[in-house]
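Worth knowing before you read on, the calculation uses all heavy atoms, side chains too, and leaves out hydrogens, waters and symmetry mates. Order of the sequence lines fixes the chain letters, A, B, ..., with proteins taken first and strands second; residue numbering starts at 1 for each chain.
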Amino acid sequence: MRKQFLVRLLAVLLGFTLIASACGDDDGGDAGDDTSGDDGGSDDGGDDGDDGGDDGDDGDDGDSEDTVDVTQGGSLLDTILDRGNLVCGVGGNAVAFSETQADGSITGFDADYCRAVAAAILGDATALEFVPLTASERFTALASGDVDVLFRNTTWTQSRDTTLGGDFGPTTYYDGQQLMGRVADGFSAASSVSDVDGAVVCTNAGTTTEKNIAEAATLEGANFGGITLQTFEDFNQVTDAFIAGTCDIITTDGSGLVGRRAVNDMFDDWAIFPATPISKEPLGPMYRQNDSVFADVVDWTVYASIILDELGITSANAQAFVDGYEAGVSDPQVGRLLGIDEGELQSSMGLPADAFFQMVLQVGNYDEIFTNNLVPVGLERAGSANAGWQAGGQIYAPPAR
Amino acid sequence: MAQVGALILVLGALGFLVSQAGDNLRARSIPTGFDFIEQPPGIQVGEGIQTRDFETGGRALWVGMVNTLRIASAGIVAATVLGVIVGLARLSHNWIVQKVSSVFVETLRNIPLLVQIIFIFTVFTTLGNVSLDSGPIHGWLHISNKGLSVPRVFGLNGSFQWLAFMAIGALVARWAHHHQVRKQEETGQLGYPIVAAGGVLSVFGIVGWFAHPVMGFLGPVFGLIADALDGLPEETLQLILAVLSIVVAILWIRRFLKSMSSGGGRAKLTDDDWFRMIFAFAGSVLVAFAVLVVWPGLSSWLLNSGRDFFQLLDDRFGSGNGGRPFDGKRPDIVKPGNFANYGPAGLTLTPFFAAVFFGVVLYTAAFIGEIVRGGILAVPKGQTEAASAIGLKRSQALRHIILPQAFRIVLPPLGNQYLNLTKNTSLAIAVGYADVVQVGQTIYNQTGRTLPVMAIWMLFYLACSLTISVVVNFFNVRLKLVER
Ligand SMILES: N[C@@H](CCC(=O)N[C@@H](CS)C(=O)NCC(=O)O)C(=O)O
């Protein structure tokens, strides 16, 4: 009896050691998998978006090995080239920025910048998969590799830049948070935060917006009774609840409010205030950190759209610029940017020489993207921070040389 | 034993995964710590025991947990009551009652809960605005796109003394109940146990309304305990705890050995039994070790919180709580600034709370109804026939013969429904109700601490589920038929 018991005890202990060592093996096995995954990158890359995720994982598992990998061309750029499309995280419900149309396509300012990046990398603005993300899903989706890049009304903040494992590209739209109330409740463009005392204020969760309004309410001081802040996952729910009266006030980036007011045709019934926004919301692209090859591609796509605007090159006249180009006579900036000469600026960053020509041809320059998407809902460039730098705005790009 | 092994394995695997994930996150310089619990979160939550100016993220999460518990516990009570009614109605001989309840069950059971919650929420948003003369019954019942507001009954300072008074009442009522039952058994005459117990309770309730300050002596008693705890050095408590843990284990092993030894001979023990005893002893030594060496702060924490707790009781029960134990208030509507809204007087269910609450209650009630019906049908028909043979009326047979047996059958699946209900409240996020998931998600969105928040969620739901299981099991064991 006793003996049998001891034998079993031993067996159990042995079992545990086995399992423990098996775990150790797993560890080693993982490392092995990683390297093989990186080596056979081209095989993997042929698959779908999930591989992008795996590659992202691989890039971070080990320490020293992987740094080498990046310089050897382990960039997301290669994965995208292999895969043949760009996976772009957008809002999906953001009026004029990324709106899902009845046929399933997605249009808007952010969506056009996704197209611009796809056109620059792959020469095809439609080689693109949109992934609609709520504000609270977006950073997880980016970090896990479900999307290559975010163009999702995302505000550049210190904490997001430094703690979420991502980096920000150049700001594409300078925004600021505002509030919207009903004219019937006594609101006008001249109202201020102090007028929303006692209100049910709604916004979407996981945004800078919800922190800003909480702070602004606290700053109103003792005479201000406070607000009830109700958050929803999706900004459509926020707007619906505002229309229903469950929310007294809604708040988000000013551009979003203008867009919502426009599509609901409530110009005379809904008032946006205060005139000076309660926060700074520079919106721009976000990508995973430690991949400067891909980061450069996104950054310079945005810059190129701005420089092309400065040069007056549009989707309509880009071909004419190329055709009429005469070395030594025409502006050499045009030649460099459109890749008419060797286009080595583009090739040395891993793009086709005509990357930005394709971009402007298929999508347009900054002003076109702005005018096509944002002007229809009533957002103007002139006089705003989004005017070009020569016109007193903030839109500025380093020189292409 | 197998369970313990499996548990260790699962925990080990989890630990491995977590450490692996931690490495990956660190490699991406994504922060993983729990420091957000200590830092101000800078957010507001929609509703709860506190909604703004949180000092720590932990507090905000706690508000979310309380919101979850609130909806789960109220939901369990309401779903049980409704479910039992529906289940009985489905067995009714009345055609209309039976059909209505069947339709109720078949509809609600077959529509996904998420759809129901969103539907109820949408219905609320189609209602009118609140105004200073809102209805439908102004001052009693207000329904609008801001929710539902009804009169509220709440305890005042005196309620603690009153409850203490009622505890004595409950003892007396129990005695009265027993007395009546005994009389009934001895003389064969129909007694009135329920009526007697109820009567005693109501008398105590009414007398206690005025006389509850006599219980004021409890305050100083609790105060004495608090002082005693305050005076106890923590080393003493450490020793007491350590010794206690080992003594308990030894006592348990002794009892176990005794129960195993049949007759006078030596106990026959299987491996399993040996394992049990070794585990019990090793566990107690571990606990003692933890208390003495690893975590000496535990005993001072225990002492402090014990002292605070009894001091609180001292405050609550002591003199100076002589006022009315309870009060009620009718709902009011206030308009501090531009907006009319429900004031704090009434009991207000926001549309968010109401959607989740009614959603889980109706949905779960449909299932509970079926369980109750099945439980009653599962009682052998012979029982009903025997009951009528000895001359019991249908209602008597139901109450004394059928329901007690059905209850035993129903309890385990009922417990399952309670677990489901609690977990289903996490659908709250669909309509923006500030439950633990919604608040947690907001926090990890602002701090990037996804995994730590998820770990807290899991522990929280695990604790809820285990608590429900333990309670249900307790009744289950107590109600088990004693087999002869
Ligand atoms: N800029 C803010 C807010 C972004 C945001 O969520 N904006 C709303 C309104 S403009 C939106 O994009 N909603 C679109 C959607 O929910 O799909 C942030 O980065 O946190």
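- Nearest heavy atom pair, residue A/T246 against residue B/N145, reads OG1-O, 2.9 Å.
- When heavy atoms are compared at a cutoff of 4.5 Å, B/V45 approaches chain A solely by way of its backbone atoms N, CA, C and O.
- In this structure, the portion of B/V431 lying under 4.5 Å from any heavy atom of chain A is its backbone and not its side chain.
- In the displayed structure, B/Q39 atom CD is contacted under 6.0 Å by more than 12 heavy atoms of other residues, nucleotides or ligands.
- Counting all heavy atoms, side chain and backbone alike, B/N129 lies closest to A/A244 at OD1-O, 4.3 Å.
- Contact annotation for A/I227: both backbone and side-chain heavy atoms come within less than 4.5 Å of a heavy atom of chain B.
- Only the side chain of A/Q237 comes within contact range of chain B, with heavy atoms under 4.5 Å apart.
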Would you check, one step at a time, whether the test side chain to side chain donor-acceptor pair (under 3.5 Å) holds for B/Q446 with A/E210?
CA-CA 10 Å; B/Q446 303 294 358; A/E210 63 176 324; 3.3 Å; yes
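- Under the 3.5 Å distance criterion, the side-chain polar atoms of B/Q44 are left unmatched by any main-chain donor or acceptor of A/I213.
- For chain B, no part of A/S194 is nearby; none of its heavy atoms comes within less than 4.5 Å.
- Ranking A/V196, A/N212, A/D185 against chain B, the residue ahead of the rest is A/D185, based on heavy-atom pairs under 4.5 Å.
- Only the side chain of A/A217 comes within less than 4.5 Å of a heavy atom in chain B; its backbone stays farther off.
- Aromatic rings of B/F352 and A/F232 (six-membered ring for Trp) have centroids within the 6.0 Å cut-off, being under it.
- When the candidates A/C202, A/A199, A/G186 are compared by the number of heavy-atom contacts under 4.5 Å with chain B, A/A199 comes out ahead.
- Interface residue B/A430: only backbone heavy atoms are found under 4.5 Å from chain A.
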Please step through side chain to side chain contact (heavy atoms under 4.5 Å, CB included) for the pair A/L229 and B/R52, ending with a clear verdict.
CA-CA 9 Å; A/L229 183 60; B/R52 47 178 170 256; over 6 Å; no
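- Atom CZ of B/F256 is surrounded by more than 12 heavy atoms from other residues, nucleotides or ligands within 6.0 Å.
- Taking CZ of A/R182 as the start and CZ of B/F339 as the end, the distance is 7.5 Å to the nearest 0.5 Å.
- When each of B/P41, B/G46, B/G128 is checked for heavy-atom pairs under 4.5 Å with chain A, B/G46 comes out on top.
- Atom CZ of B/F119 has 12 or fewer heavy atoms from other residues, nucleotides or ligands within 6.0 Å.
- Using a 3.5 Å distance cut-off with no hydrogens or angles, the side chains of B/E47 and A/T228 do not pair a donor with an acceptor.
- Ranked by non-hydrogen atom pairs under 4.5 Å with chain B, the options A/T208, A/V201, A/T207 are led by A/T207.
- Side-chain contact between B/N445 and A/F139 is present, with heavy atoms from C-beta onward closer than 4.5 Å.
- Judged by distance alone, the side chain of A/R160 and the main-chain N or O of B/G448 form no donor-acceptor pair under 3.5 Å.
- In terms of heavy atoms, A/A214 sits closest to B/G42 at CB-O, 4.0 Å.
- A salt bridge is absent between B/K335 and A/D197: the closest approach of a Lys/Arg side-chain nitrogen to an acidic carboxylate oxygen does not fall below 4.0 angstrom.
- Contact check for A/D240 versus B/T125: no side-chain heavy atoms found under the 4.5 Å cut-off.
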Run the numbers on B/T447 and A/T163 for side chain to side chain contact (heavy atoms under 4.5 Å, CB included), then give the verdict.
CA-CA 8 Å; B/T447 59; A/T163 64; over 6 Å; no
